[in-house]
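First the structure, in the form of structure tokens, and then the observations on it.
Since we're looking at a predicted model, the values are computed, not measured. In what follows, every chain begins at residue 1, and chains take the letters A, B, ... in the order their sequences are listed.
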There are 2 protein chains.
Amino acid sequence: MARANLTPERLFSAAAELADLHGFDSVTASAVARHFGVQPASLYSHVRDREALLDGVQRFALGELGERVSHGIAGRSGSEALHGFASANREYAQERPGAWQALQRTASTETATSPQAQRVSALTIALVRGYGLHESQYVHAARFVGAALNGFLSQSRAGAFDHQETELAQSWQAMLEALDRSLRSWPAKDAEQ
Amino acid sequence: MARANLTPERLFSAAAELADLHGFDSVTASAVARHFGVQPASLYSHVRDREALLDGVQRFALGELGERVSHGIAGRSGSEALHGFASANREYAQERPGAWQALQRTASTETATSPQAQRVSALTIALVRGYGLHESQYVHAARFVGAALNGFLSQSRAGAFDHQETELAQSWQAMLEALDRSLRSWPAKDAEQ
DNA sequence: GTTTTTAACCTAAGGGATGTAGGTTGGTGG
DNA sequence: CCACCAACCTACATCCCTTAGGTTAAAAAC
């Protein structure tokens with residue numbers, strides 16, 4: 001009986017693929033085990049429990065997103081970087097729907113402090129820095145941008161928007177313009193206020 | 001054996017309570033049945049399956065949110081209405097965390113077309129109308145506002161923001177100001193563009 | 001009030017998932 | 001080659017979901 005050579009990393013990426021194919025909710029220890037042709041109990045040599053498996057998928061997805069975002073904003077600033085950043089997010093959600101959904105989970109401490117999470121965070125800060133904001137405002141602006149983009153993608157996927165494709169693209173565009181305007185007019189408050 | 005007098009509505013609101021107490025993921029047909037002192041199989045006289053149960057919780061939550069938002073924007077416009085709208089959302093997420101989480105599900109067609117969903121949508125449109133936007137822009141602005149607020153609440157809950165309470169409140173405030181600015185500067189495009 | 005009907009409940013059953021404990025064995029190192 | 005170890009398996013207990021058919025409380029009909 002040759003061994004399947006499971007590793008946590010292989011589990012996470014395979015689970016992400018399964019999520020893309022069948023939906024994030026369908027990712028179970030059993031489904032992943034079937035994918036590798038082993039018994040479900042075998043996975044517990046590599047991950048503590050299902051929660052840890054899904055956490056790992058989340059970190060995997062963060063890594064992929066960070067890669068795309070990094071490319072999307074490379075060499076750009078201001079409005080162009082914003083468009084690159086936003087497109088990277090949107091395309092990831094479209095091309096990796098199941099993996100993207102993993103990002104919506106409540107993050108474990110391990111994930112929240114992971115290099116992958118910190119990379120995405122740093123890239124968002126870099127984006128808003130390109131608008132020349134006061135440094136004390138970076139974190140607020142970054143959260144705003146991240147929230148708006150992710151919120152839009154989340155709500156469009158969840159069916160909260162009654163939409164046609166063209167109209168949705170217009171709403172996306174209008175949102176990017178709104179974000180751009182608000183970033184360009186961000187007040188120069190310093191840390192004293 | 002007296003009957004428990006189950007109805008779909010009672011199931012949905014009880015499930016929402018359980019979600020608040022134990023987390024949305026813990027809401028199962030079995031848990032709800034235990035709450036009412038009946039066997040799990042009995043629930044299927046009232047809901048088609050677990051999915052339908054969770055859908056109902058979502059509509060229940062939409063109803064509650066709509067009620068709060070309605071009060072939050074009553075008699076207000078512009079920035080004041082925005083603050084009322086945002087506060088209603090934030091307080092709902094804080095006071096009904098489990099029910100709020102039900103809102104993040106992918107909506108069924110029944111839910112997306114429900115009176116509750118349409119009310120929340122109409123209230124959001126009323127909010128942006130108060131900024132004097134061109135009518136063709138209502139839907140885009142409404143989506144932007146809804147996405148930003150929900151995205152922020154979602155990410156703060158999910159641990160995506162490394163935060164302290166004071167800083168988080170400042171980010172929230174900064175976001176409201178950013179939203180206000182972007183709405184006040186929304187371009188007056190008409191439908192031809 | 002009594003009887004009949006109906007749908008709300010129950011039991012039984014089958015299938016699936018999760019995770020622990022202990023056993024077996026493939027692969028590595030000496 | 002042998003010893004060791006961790007990766008795998010089996011067995012098991014517990015829990016969940018849902019269907020089919022049976023029982024019965026409550027509503028409707030007389």
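Among the protein residues, B:Ala4 comes within range of the sugar-phosphate backbone only, with heavy atoms under 4.0 Å from sugar or phosphate atoms but none that close to a base. Among the protein residues, B:Ala41 comes within range of the nucleic acid bases, having at least one heavy atom under 4.0 Å from a base atom. Counting any heavy atom pair closer than 4.0 Å across all strands shown, A:Ser45 reaches a base atom.
Atom CG in A:Leu11 sits about 13 Å away from atom C1' in D:dC8, given to the nearest Å. Between the OH atom of A:Tyr44 and the C1' atom of D:dC8 there is a distance of 14 Å, given to the nearest Å. Rounded to whole angstrom, the span from the CG atom of B:Asp49 across to the C1' atom of D:dT18 amounts to 9 Å. The CG atom of A:Leu54 sits 9 Å away from the P atom of C:dT18 (whole-angstrom rounding).
The side chain of B:Ala2 lies closest to D:dA26, out of D:dA26, C:dT18, D:dT18.
B:Ser171 and A:Arg143 form a side-chain donor-acceptor contact under 3.5 Å, judged by distance and modelled atom types alone. Looking at A:Arg59 and A:Thr111, their side chains do bring a donor and an acceptor atom within 3.5 Å of each other.
Interatomic distance, A:Phe144 CZ to B:Glu177 CD, rounded to the nearest 0.5 Å: 11.0 Å.
At D:dC8, one or more side-chain N or O atoms of A:His46 fall inside 4.0 Å of OP1 or OP2 (strictly under the cut-off). Phosphate contact (OP1/OP2 of C:dA8, side-chain N/O of B:Ser42, threshold under 4.0 Å): absent. Between C:dA8 and B:Arg3, no contact under 4.0 Å exists linking OP1 or OP2 to a side-chain N or O. Regarding contacts with the backbone of D:dC15, every side-chain N or O of B:Thr28 stays at 4.0 angstrom or more from both OP1 and OP2. Between C:dG16 and A:Arg34, no contact under 4.0 Å exists linking OP1 or OP2 to a side-chain N or O.
Of the residues near DNA chain D, B:Val27 and B:Asn5, the one whose nearest nucleotide (by heavy atom distance) lies more toward the 5' end is B:Val27.
Figure legend: B:Arg90 and B:Trp100 shown without cation-pi pairing, the cationic atom not lying both under 6.0 angstrom from the six-membered ring centre and within 45 degrees of its axis.
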